[in-house]
Amino acid sequence: EDARAAGVREIERLIAQGAKDAALHKTVEVYGISLEASRSYRYDPHEHGYGYTAPNGEVTIGGDAFRSVPWLAASLEHEMFHTRQYKEGRGYESRIGEYMNEVEVRDHVIAQAARFGLSEAETQEQVAKRQELWDRLPREYQSRVARGDYTLKLGEDKRLPGWEDKPPKEEP
C-alpha cells in the first residue's frame, strides 16, 4: 500500500513537471498494466480525448486522460485492452462490433475500478458510458454480451448495418 501511494505521488510529480511519457511509463509500473499486445504507447498532445488504439497496436494517450492518476491508469488499461482485442482478431469494422468492444472494455475497467482507485463519480461515469453503448446494441447482441460473449460470428461484421462507416473514436 505504501509503495502504491509513493508510486502515485511520483506519477503526480511527473505530470506536474509536464513529463507525461514518463508518467505513462510509471503508471504501467505502479498499476501492473499489461503491454503484451501493444506495439508502443505514448502521450500525444494532439490526441483529442483520452486515447486511441490503432489496429497495429500503437496506443496514443491524450491530455484528457491525465485528469487524475486513477483515471490515467484506467485510460491506459482501456487502450491496452483494445490492443488485445485487435490481437485476437476482434478489431471490428461495424458500429455494432465497435460498441461490443467498448462495452467489453468498460466491463473490464469497471470490474477493476478499485484496483485503479477510481472515485465513485469516475466509476459512475464509466457505468453511464457503458449503458449508453449497451443501449445502442440490438437485442441479439445484448443477449450475447449478457452471456459474456463479445464476439461476432466469422464474416458477420461486414454484413451488419453501418459496417462501411469508420466507427467514431469512443472515450474511456
Side-chain angles (χ1 to χ4, degrees), residues 27-28 31-41 44 46-68 70-172:
T27 301
V28 166
Y31 289 91
I33 295 172
S34 173
L35 304 175
E36 68 186 66
S38 173
R39 185 171 173 197
S40 66
Y41 66 101
D44 182 351
H46 304 292
E47 180 64 49
H48 298 291
Y50 302 107
Y52 173 73
T53 301
N56 68 359
E58 292 178 357
V59 170
T60 54
I61 300 297
D64 291 349
F66 290 85
R67 72 185 208 191
S68 75
W71 193 265
L72 177 61
S75 297
L76 192 52
E77 178 75 14
H78 177 118
E79 298 307 329
M80 292 304 163
F81 199 97
H82 281 312
T83 66
R84 293 188 292 278
Q85 289 171 326
Y86 278 117
K87 187 175 182 180
E88 294 169 4
R90 297 188 299 121
Y92 299 127
E93 295 180 23
S94 70
R95 290 193 188 274
I96 292 170
E98 177 70 14
Y99 297 153
M100 286 178 64
N101 281 351
E102 286 294 324
V103 167
E104 181 182 22
V105 170
R106 287 172 201 288
D107 285 347
H108 173 75
V109 169
I110 292 164
Q112 300 289 315
R115 171 182 162 216
F116 301 124
L118 291 176
S119 69
E120 182 62 29
E122 289 170 327
T123 302
Q124 287 309 309
E125 190 174 334
Q126 293 285 336
V127 169
K129 185 61 178 178
R130 188 238 189 243
Q131 186 63 46
E132 178 186 321
L133 294 159
W134 168 267
D135 290 343
R136 294 178 185 176
L137 288 172
R139 288 193 195 284
E140 172 190 352
Y141 296 97
Q142 288 177 345
S143 294
R144 263 189 214 181
V145 169
R147 293 189 309 267
D149 181 358
Y150 298 91
T151 62
L152 299 178
K153 294 177 188 169
L154 187 61
E156 190 174 50
D157 195 30
K158 291 187 179 181
R159 290 198 305 256
L160 296 171
W163 73 267
E164 306 89 350
D165 299 332
K166 186 71 177 157
K169 286 189 215 177
E170 294 291 340
E171 297 180 358

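Computed from a predicted structure; not experimentally measured.
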Return the minimal non-hydrogen interatomic distance between [X] and [Y], and the atom names on each side.
X: R144; Y: L152; answer: NH1-CA, 3.6 Å
X: W71; Y: Q126; answer: CH2-NE2, 3.3 Å
X: P138; Y: I96; answer: CG-CD1, 3.7 Å
X: S75; Y: I61; answer: O-CD1, 4.4 Å
X: A113; Y: T123; answer: CB-OG1, 3.6 Å
X: M80; Y: Y41; answer: CE-CB, 3.5 Å

With sequence neighbours excluded, residues passing salt bridge (charged side-chain N to carboxylate O under 4.0 Å, His left out) with [X]:
X: D149; answer: none
X: E104; answer: R90
X: E36; answer: none
X: R84; answer: E77

For [X], enumerate each residue passing the side chain to side chain donor-acceptor pair (under 3.5 Å) test, keeping only those at least two apart in sequence or located in another chain.
X: R67; value: Y50, E125
X: S40; value: none
X: T53; value: E79
X: T60; value: E47

Can you name the one residue among R130, K129, H82 that meets side-chain hydrogen bond (donor to acceptor under 3.5 Å, both in side chains) with E102?
H82
Kindly compute the distance separating [atom1] ([X]) from [atom2] ([Y]), expressed to the nearest 0.5 Å.
X: T151; Y: M100; atom1: OG1; atom2: CE; value: 6.0 Å
X: L72; Y: I33; atom1: CG; atom2: CD1; value: 7.5 Å
X: E132; Y: Y99; atom1: CD; atom2: OH; value: 8.5 Å
X: E88; Y: N101; atom1: CD; atom2: CG; value: 9.5 Å
X: L118; Y: Q112; atom1: CG; atom2: CD; value: 10.0 Å
X: N56; Y: Y86; atom1: CG; atom2: OH; value: 9.5 Å

Going by ring-ring contact (aromatic ring centres under 6.0 Å, His included), name the residues that satisfy it together with F81, two or more places apart in sequence or in a different chain.
H108
Please test T83 against R39 for side-chain contact (heavy atoms from CB on, under 4.5 Å), starting from the C-alpha separation and ending with a verdict.
CA-CA 8 Å; T83 66; R39 185 171 173 197; over 6 Å; no
By the ring pair (Phe, Tyr, Trp, His ring centres under 6.0 Å) test, which pairs, at least two apart or in different chains, include something from residues 110-129?
none
Among all residues two or more places apart in sequence or in another chain, which pass the side-chain contact (heavy atoms from CB on, under 4.5 Å) test with S143?
R147
Sorted by chain and number, sequence neighbours left out, side-chain contact (heavy atoms from CB on, under 4.5 Å) with E120 holds for Q124
Apply side-chain hydrogen bond (donor to acceptor under 3.5 Å, both in side chains) to residues Y150 and D107 and explain how you reach the verdict.
CA-CA 11 Å; Y150 298 91; D107 285 347; 2.6 Å; yes
NZ/NE/NH1/NH2 to OD/OE distance under 4.0 Å, E98 and R95:
no
